[in-house]
There are 2 protein chains.
Amino acid sequence: MIDDGTPKINKRQQLLETAERLFASEGYDAVTIRDVAKAADMNIAMITYYFGSKEKLFEEIIRTRKPDINEKLIALRDMDITPWEKITQTIDIYIDKLFGRKDFNQVVMREMALKQRPFHVSLVLEMVENNFKIIGDFIREGEQKGVFRYTDVELTTLTLIGSIFQMVNNSSLCGRMLKEEPEAVFSERNKQRLSVHLKSMLQSHLLIKQL
Amino acid sequence: MIDDGTPKINKRQQLLETAERLFASEGYDAVTIRDVAKAADMNIAMITYYFGSKEKLFEEIIRTRKPDINEKLIALRDMDITPWEKITQTIDIYIDKLFGRKDFNQVVMREMALKQRPFHVSLVLEMVENNFKIIGDFIREGEQKGVFRYTDVELTTLTLIGSIFQMVNNSSLCGRMLKEEPEAVFSERNKQRLSVHLKSMLQSHLLIKQL
DNA sequence: AATTGAGTTAAACATTTGATTAAATTAAAC
DNA sequence: GTTTAATTTAATCAAATGTTTAACTCAATT
């Protein structure tokens with residue numbers, strides 16, 4: 001047996017990772033199972049063998065890679081901290097989760113934008129919608145406690161998440177804007193920079209100045 | 001000759017519009033030229049006849065539909081108005097152009113996010129990047145004139161445009177957030193609502209209060 | 001009336017695609 | 001060591017896809 005450095009422990013896992021990466025960079029429809037197999041240095045039939053079909057491979061990627069933002073937000077909701085602290089932590093949770101699984105999120109965001117979505121993508125869409133509702137509740141809590149200005153809650157949420165989505169999803173455009181290599185967009189430095197920016201902006205937008 | 005209400009003046013134009021709509025809702029790769037031909041009630045060969053290929057049809061959509069945001073921004077740059085007025089007008093220009101050509105922009109945004117882009121998509125990407133630079137200059141002008149706070153210029157631009165992109169690109173998610181039908185997302189009322197929100201948020205973020 | 005040429009059609013072509021098969025190889029169990 | 005099951009391979013299949021072809025229509029021109 002030839003040991004070429006890449007232990008063959010888990011060909012299934014290799015396929016998942018390769019497919020995720022290719023789907024992210026070229027789009028689900030543009031990637032053939034032959035592309036995936038070739039990039040993973042395996043036979044095409046391995047995909048059918050492990051997953052059944054291309055579609056089920058995609059489904060498996062979503063099932064296993066879906067970030068657990070929802071649980072984090074629910075935990076946050078029940079914590080005894082100020083509404084503003086909930087917002088800042090929400091920002092960090094989103095940045096961390098979306099940057100941490102950037103390939104996956106690029107794939108899902110692209111598929112979410114399509115009209116007729118496969119069932120499993122609809123599930124993610126529902127989760128995202130649910131998360132947005134929770135964030136909206138954070139803002140409303142601040143309004144009711146008299147520490148937040150009254151704003152357009154839904155659109156404030158949209159702006160908050162949309163900025164992060166945009167940076168993850170269109171990294172080549174952002175890379176050019178930030179004068180960095182496309183891959184450097186996802187550096188710790190830029191995660192920090194985005195976090196600081198969003199907190200600063202939402203602070204001016206939401207927080208009522210203490211006189 | 002049968003006059004069925006749809007004058008056959010311009011089958012070429014019909015193909016362009018049908019293709020744009022289908023590409024927007026299902027994605028370029030997922031749409032076959034048979035789909036386009038069928039939806040436009042024509043023969044497949046008409047696509048080759050008028051455009052040469054599926055790729056060139058796509059190219060033609062971009063060439064003819066590309067919104068002229070760039071010219072508007074350059075005109076704005078040379079106007080004798082305050083930096084804040086430039087920002088508010090920029091917001092309205094973007095909302096108007098992106099909402100006005102939503103199908104087109106959904107297509108282009110999706111293709112822009114891919115790694116290896118066809119040449120004509122790269123051109124759009126460059127135009128977008130150039131527009132972002134101009135908006136950044138508006139903000140810097142405000143900083144230098146002492147009317148804007150010092151902020152993260154690039155990320156402020158990203159947030160501004162990212163919010164609009166997000167609303168156009170993920171209209172089904174936004175529709176559910178705003179409790180409207182997906183198509184109603186693009187109503188005049190919501191354009192207005194987004195405009196008000198962005199101006200309000202950027203005002204708190206950028207403008208130094210007059211004492 | 002005959003000719004021309006753009007517009008249009010149905011049929012076919014060569015590839016590509018997702019999926020399958022049956023054999024071969026490897027690993028595990030006994 | 002033999003048997004058994006899991007993994008991997010090469011070859012093949014039917015359907016789908018972008019493109020081409022050759023014939024046909026029909027209005028405008030001569």
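Computed from heavy atoms alone, side chains included, the values below leave out hydrogens, waters and symmetry copies. First the proteins, then the strands, lettered A, B, ... as listed; each starts at 1.
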Quiz item: Which of parallel (below 30°), tilted (30 to 60°) and perpendicular (above 60°) describes F186(A) and F99(A)?
Solution: perpendicular

Quiz item: Distance under 6.0 Å and angle within 45° of the ring axis: does K56(B) meet both against F51(B)?
Solution: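 No; the conditions do not both hold, so K56(B) does not lie above the ring face of F51(B).
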
How many Å lie between [atom1] on [X] and [atom2] on [N], as a whole number?
X: Y49(A); N: dT7(D); atom1: OH; atom2: P; value: 4 Å
X: M46(A); N: dA6(D); atom1: CE; atom2: P; value: 15 Å
X: K11(B); N: dT8(C); atom1: NZ; atom2: C1'; value: 8 Å
X: K38(B); N: dG18(D); atom1: NZ; atom2: P; value: 15 Å
X: Y50(B); N: dT20(D); atom1: OH; atom2: P; value: 18 Å
X: F58(B); N: dT17(D); atom1: CZ; atom2: P; value: 18 Å
X: L15(A); N: dT8(D); atom1: CG; atom2: C1'; value: 12 Å

Exercise. Evaluate side-chain hydrogen bond (donor to acceptor under 3.5 Å, both in side chains) for T90(A) paired with K86(A), printing each intermediate quantity in order.
Key: CA-CA 6 Å; T90(A) 297; K86(A) 288 183 183 175; over 6 Å; no

Quiz item: What does nucleotides 17-23 of chain C look like as a protein-contact string, B for base, S for sugar-phosphate only, - for none, at under 4.0 angstrom between heavy atoms?
Solution: BBBBB--

Quiz item: Is there side-chain contact between E141(B) and F148(B), with heavy atoms separated by less than 4.5 Å?
Solution: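 Contact flag for E141(B)/F148(B) side chains = no.
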
Quiz item: For atom CG of D78(A), is the number of surrounding heavy atoms from other residues, nucleotides or ligands below 6.0 Å larger than 12?
Solution: yes

Quiz prompt | Neighbour count above 12 (heavy atom, 6.0 Å) for K199(A) NZ | solution = yes

